[in-house]
Amino acid sequence: MPISPHVSFDAKAILKDLPSLPGVYRYFDEAGTCLYVGKARDLKRRVSSYFQKNDLSPRIAIMVSQIARLETTVTRSEAEALLLENNLIKTLAPKYNILFRDDKSYPYLKIGHQEFPRISYYRGGVDRKSVFFGPYPNSGSVKEAIQILQKVFRLRTCEDSVFKNRSRVCLLAQIGRCSGPCVGAISESEYRQDVNRAQSFLRGESDEIMREMQSRMMAHSEALEFEKAAVVRDQIAALSNILHQQTVETTGGDVDADIITIARSAETICVNLAMVRGSRHLGDRAYFPSVARQGASVTDEEILEAFVSQHYEDIAVPTIVITNVEADHEALATLLSSMCERRVHVVHAPQGVRRQWLVMCEANARIALARHMAQEGSQLARVKELVRTLGLAVEAEEMMKLRIECFDISHTSGEATQASCVVFENAKMDHSQYRRFNITDIEGGDDYAAMRQVITRRYTPVTRGEAELPDIVLIDGGRGQVEMARQVFEELGLDESVLIGVAKGEGRKVGLETLIFADKEKTPLVLGRESSALMLIAEIRDEAHRFAITGMRAKRAKARQTSRLEDLEGIGPKRRQKLLARFGGMRGLKNAGVEDIAKIDGISRALAEKIYVQLHGQSTAIDN
């Protein structure tokens, strides 16, 4: 029997007037929230299938029961429909579409714009001054590339504040991993040439670099500059060794390529992405779309289309995409070409080296899927044990959605007090939902007042219907901390039974904690180190502590640095900014001599001596 749509949605009347043309359709619920955006080669046939089939997946059946309104847009082709679908998914964020969420941006290798450019690991938005290579699939790939550039081209990696204040070469220079520009061991022009060679290497021009280096070595030898020839010889040897270690050969023209494969089990889907940049295979990154947790029956083609449209929204599109999925590759190529405004090829049945890439990516997809299922199964087992131990009324199918929030207070003798809130959901820590709270207007070291403030600020929106109360609220602390949180919940009219304190055991050893409940009549629980439920709680508690203490230390360091500079007599905001820009902070400033300080525009020799004396507490300034 077909699924009955929402009572306010007259399916028959609307379906009768739909055209048999390509286009995009959108479903909305009574509140006007977009439920789903889809494309179709034939709008009438595709939309009708939702209301005529009796074998819909549970996820789609639930969605159909919520439909109150339908909107359609006719396009000239299916490829055009795919482009429109992609734009609408980004703007409407529909609940039932396949979503690929990742709380981490891709890392890049950055070559700075300084006089002697620095190479570094980088995440975030790119600028036009520096040169960026990537994206890389993971941080390990970037760090490996940096090590290669250090070995072969001897580029610096030190911070600018360190670079500007060195008087002798560092350990990296002593072992041949840096050319020592900080102490003038290499000229700016020679260093710039090494930077250009490194960029050529990252672009995949290894053969040209090798030939150029060999020519330089011979020129040095003929000029009897044997030491310089030996340096270039060692660079050639390092580069040869690195190229020999490359396990994946590349074709001549494919300097940038992405390989996308899909592996799936009964309930879990893995999309594995392998990257080739600058003719070097950089590694893999696995994704697990949220649709896999909703019992959805989706095709590999739908998953591929969703991944491509979402993944390349914020990063550069390569020249070629290789996949093991049978799909409308011309439509995907059109979509990708429109994103980067140049021709992109999508290949399904590659040959030669490309085929090797695809086989590797498929194998890694299966490995990532097996690892994910094992980890998720283990974590889910711990969640089930926690639910059983605490006697929570949670159905088996809702275990994955169990939400736990944990709070911790951190300060140093009352200074720079911060509270952290970490979130456990979908059987994992959800870093994108972490929050820190700056605690103000309390006496330093008053953890109870700090807990009251953070609990009030976090859960007041729940009383206004702007947020939902989690299934469990963990408090890192004993009876006093829990009682303070209970009082806030009572004032806000919230369910106090979700509050659980985690009191540290003897010696703060994991496994000896006691669980304390807001209801004083409930007996505290000592589960023991063999309890998987306690191990899950300890993991969440430790993450809250880590997140709080890192925030507190950063806040404290900033406050101390600012206060020390503000305490310097004769230093206003403009001069303070120049000092920070020149020396990078208090450490660099304290390492500077009077002459170094006096070089800053607006600071005289007399003022430099005054600053030096204030920093070092000496009666006379000794220029070092």
Side-chain angles (χ1 to χ4, degrees), residues 106-124 126-127 129-164 166 169-217 228 230-248 250 255-256 275-283 316:
Y106 279 91
Y108 287 82
L109 189 154
K110 176 181 177 180
I111 299 181
H113 59 279
Q114 303 95 332
E115 181 181 5
F116 291 93
R118 172 194 178 219
I119 55 172
S120 60
Y121 173 97
Y122 181 80
R123 284 188 192 269
V126 299
D127 59 63
K129 294 182 179 179
S130 302
V131 179
F132 296 88
F133 289 90
Y136 287 77
N138 50 62
S139 59
S141 301
V142 183
K143 293 170 183 176
E144 179 188 356
I146 290 176
Q147 289 178 352
I148 290 173
L149 299 188
Q150 286 180 300
K151 288 180 181 178
V152 180
F153 306 105
R154 306 194 301 166
L155 303 184
R156 75 177 183 93
T157 57
C158 56
E159 296 279 354
D160 288 346
S161 59
V162 175
F163 175 78
K164 293 175 181 178
R166 290 209 66 86
V169 295
C170 63
L171 179 61
L172 286 173
Q174 294 177 40
I175 64 174
R177 297 294 180 88
C178 178
S179 53
C182 56
V183 294
I186 185 173
S187 68
E188 182 183 352
S189 60
E190 289 176 319
Y191 187 87
R192 179 64 63 176
Q193 289 176 0
D194 283 336
V195 171
N196 293 336
R197 294 182 189 108
Q199 292 183 18
S200 297
F201 169 76
L202 292 172
R203 287 193 294 265
E205 301 167 5
S206 303
D207 292 340
E208 292 86 340
I209 295 297
M210 186 68 78
R211 286 193 293 269
E212 189 268 342
M213 292 172 71
Q214 290 171 344
S215 298
R216 273 198 301 133
M217 182 180 68
K228 292 183 178 180
V231 170
V232 179
R233 177 203 63 199
D234 293 341
Q235 289 178 306
I236 293 173
L239 182 57
S240 299
N241 186 48
I242 288 163
L243 294 176
H244 177 71
Q245 291 173 358
Q246 290 294 307
T247 56
V248 181
T250 61
V255 292
D256 289 340
M275 293 180 170
V276 174
R277 294 291 184 273
S279 296
R280 295 183 60 243
H281 195 289
L282 302 180

- Query: Got a second to check how far Cys178's SG is from Lys151's NZ, nearest 0.5 Å?
  - Reply: 15.5 Å
- Residues passing the side chain to side chain donor-acceptor pair (under 3.5 Å) test with Ser141, sequence neighbours excluded, are Asn138
- Would you name the heavy atoms of Pro107 and Ser139 that are closest together and state the gap between them? CG-N, 4.0 Å
- Can you list the steps and then say if Arg154 with Arg177 is a side chain to side chain contact (heavy atoms under 4.5 Å, CB included)? CA-CA 5 Å; Arg154 306 194 301 166; Arg177 297 294 180 88; over 6 Å; no
- Message: Quick check: do Arg197 and Asp194 have side-chain heavy atoms less than 4.5 Å from each other?
- Response: yes
- Item | Spacing of Arg192 atom CZ and Ile186 atom CD1 [to the nearest 0.5 Å] | 11.5 Å
- Note on the structure: Between Phe133 and Tyr136, the two heavy atoms sitting closest are O-CE1, 3.2 Å
- Message: Run the ring-ring contact (aromatic ring centres under 6.0 Å, His included) test against Tyr121 and tell me which residues pass, sequence neighbours left out.
- Response: none
- Query: How far apart are the closest heavy atoms of Val183 and Arg166, and which atoms are they?
  - Reply: CG1-O, 4.4 Å
- Message: Do Pro181 and Arg156 make a side-chain contact, defined as non-hydrogen atoms from C-beta onward lying under 4.5 Å apart?
- Response: yes
- Task: Starting at CD1 of Ile175, measure out to CD of Gln150 and round the result to the nearest 0.5 Å.
- Result: 8.0 Å
- Message: Using modelled atom types and a 3.5 Å cut-off, is there a donor and acceptor pairing between side-chain atoms of Tyr191 and backbone atoms of Pro117?
- Response: yes
Could you list the donor-acceptor pairs under 3.5 angstrom formed by side chains in residues 108-116, with sequence neighbours left out?
residue, atom, partner, partner atom, Å
His113, ND1, Ser130, OG, 3.3
Gln114, OE1, Arg118, N, 3.3
Gln114, NE2, Asp160, OD1, 3.2
Gln114, NE2, Asp160, OD2, 3.3

